[in-house]
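I have placed the structure first, in the form of structure tokens, so that the comments after it can refer back to it.
Computed from heavy atoms alone, side chains included, the values below leave out hydrogens, waters and symmetry copies. Sequence lines set the chain letters: A, B, ... in the order given, protein chains first and strands last, and positions in each chain run from 1.
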Protein chains: 2
Amino acid sequence: MPSHTRRERALEERRELIVRTARELAEAEGWEAVTTRRLAEAVDYSQPVLYGHFKNMDAISTAVALEGFEELAAVLRTGRERDGLRGLAEAYLRYAEEHPAVYDAMFVRHTDLLFGQVETPEILRTTFGEIMAAVTPFAPDDPETLTEVFWSSLHGLATLANGSRLRPTHHQQRLNHLIAAIGHP
Amino acid sequence: MPSHTRRERALEERRELIVRTARELAEAEGWEAVTTRRLAEAVDYSQPVLYGHFKNMDAISTAVALEGFEELAAVLRTGRERDGLRGLAEAYLRYAEEHPAVYDAMFVRHTDLLFGQVETPEILRTTFGEIMAAVTPFAPDDPETLTEVFWSSLHGLATLANGSRLRPTHHQQRLNHLIAAIGHP
DNA sequence: CTAGATTGTCTAGCGGTGCTAAGATCCGGT
DNA sequence: ACCGGATCTTAGCACCGCTAGACAATCTAG
């Protein structure tokens, strides 16, 4: 029986190795560099081993995304506790800037991990709940709609900044504008 | 000599055929379906003909994006003249919703078409200028920063809505919130 | 009108991709 | 010692972006 759990632990470890390696490869060279061949070579197994753990390549980036949601929920909570709406916004934008590949996996790439669905994983609700907790004081009667707007604004700032489509210099001023706009109704 | 211009006109027509077909294919089945083989077959030429007009596949989606900027600048202007900031925002979000593949080519896919650079094509400045013209009344002393924020918010709403990450029902309410936030400083 | 050069287009191929069937190998239980 | 099942790899398919070289058509010069 203990061999059974040991086997399972070995499998789980290898699964984590795959996800970690995929994430490192994506952060280092972008998701287009994460191919089954390169990933298999990096973890020192053949390609079919990957398919023993994940049904396809998208499932691997989804696993990375789920890790990201855990981390994002945590940093949002810390930021919110430190400085409310502004602290949360800073934490969100910092996370997106520091982990662009993970952020892409969470919000830009594949489509099969959705908010607002019945099947939405708990951690996605938790993450959204963090934003809502920071926004609620400014729209107590309908926090959900303002949360969507605030989140969209953060998402827009994050993706356009990551894609070098905003001036790199005015980060703080943009944040000031956004906080002022949402915070003073 | 007239044969020269006729030849050039034929080339230009074929170039437009390629761009138009790529756009239709992308709108119908997404950009991942726009491959050199399928596109070549759709225009009834072999693949190398595509490379006579464009240096690679990215250049084709860039050509589609440039068409999109022309159209977007026009609808933004119309919307702004009709109803100021709100009219522009409605026009922006409607364009993104009705032409998701073109919108992706403009703002989500490739990276070699950037704002705020020295080499930025005039039409990109014009489009950004449209947004700035609508925003300036609300921040006369530094319109550019608020424009970036407002544009980011619109971009976030557009992409998250296109990716089914926002409730499909509260479109108008979200817009109301955003206009109220930016419009009343 | 013919011969040669130029232009235009296509066939065929390279190295890469995601993914999988089928064979090889290892390992525990009898 | 052997067998059966789990595990891993080799080898392959159909597709991808992209390009070299063969081929055909057209234009130019004599």
Rounded to the nearest angstrom, tell me the gap between atom [atom1] in [X] and atom [atom2] in [N].
| X | N | atom1 | atom2 | answer |
| --- | --- | --- | --- | --- |
| B:Arg38 | D:dC15 | CZ | P | 11 Å |
| B:Phe54 | D:dT19 | CZ | P | 15 Å |
| B:Leu50 | C:dT11 | CG | P | 14 Å |
| A:Glu41 | D:dT9 | CD | C1' | 15 Å |
| A:Leu17 | D:dC8 | CG | P | 13 Å |
| B:His53 | D:dT19 | NE2 | P | 16 Å |
| B:Asp44 | C:dC10 | CG | P | 8 Å |
| B:Glu13 | C:dG8 | CD | C1' | 17 Å |

Taking the side chain of [X] as heavy atoms from C-beta outward, which of [options] is closest to it?
| X | options | result |
| --- | --- | --- |
| B:Tyr45 | C:dC10, D:dT9, C:dG18 | C:dC10 |
| A:Val49 | D:dT19, C:dC19, D:dC8 | D:dC8 |
| B:Gln47 | D:dG17, C:dT9, D:dA20 | D:dG17 |
| A:Arg37 | C:dG18, C:dG13, C:dT11 | C:dG18 |
| B:Tyr51 | C:dT20, D:dC8, D:dC18 | D:dC18 |
| B:Pro48 | C:dC10, C:dT20, C:dC19 | C:dC10 |

Requested in this report: Would you sort out whether B:Asn162 and B:Thr159 count as a side-chain hydrogen bond (donor to acceptor under 3.5 Å, both in side chains), showing the intermediate values?
Outcome: CA-CA 5 Å; B:Asn162 276 356; B:Thr159 53; over 6 Å; no

Query raised in the report: In residues 55-68 of chain B, what residues come within less than 4.0 Å of DNA chain D, judged by heavy atoms?
Result: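 Here the set is B:Asn56, B:Met57.
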
**Report entry** Under-4.0 Å salt bridge between B:Arg77 and B:Glu70
**Finding:**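 Salt bridge between B:Arg77 and B:Glu70, a charged N being under 4.0 Å from a carboxylate O: no.
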
Requested in this report: Indicate yes or no: does B:Arg38 engage B:Glu29 in a salt bridge with an N to O separation below 4.0 Å.
Outcome: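 Salt bridge: yes.
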
Requested in this report: Indicate, with a heavy-atom threshold strictly under 4.0 Å, whether A:Ser46 touches base, sugar-phosphate, or nothing.
Outcome: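 Since a base atom lies under 4.0 Å of A:Ser46, the category is base.
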
Centres of the [X] and [Y] rings: under 6.0 Å?
| X | Y | answer |
| --- | --- | --- |
| A:His155 | A:Tyr103 | yes |
| B:Phe128 | B:Phe69 | no |
| A:His53 | A:Tyr45 | no |

Query - Audit row: B:Arg20, B:Glu67, salt bridge (charged side-chain N to carboxylate O under 4.0 Å, His left out) steps and yes/no - result: CA-CA 10 Å; B:Arg20 183 174 1 113; B:Glu67 275 194 19; over 6 Å; no

Report task. Could you tell me whether the phosphate oxygens of D:dC18, OP1 or OP2, come under 4.0 Å of any side-chain nitrogen or oxygen in B:Thr36? Result ->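 Negative; the distance criterion is not met.
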
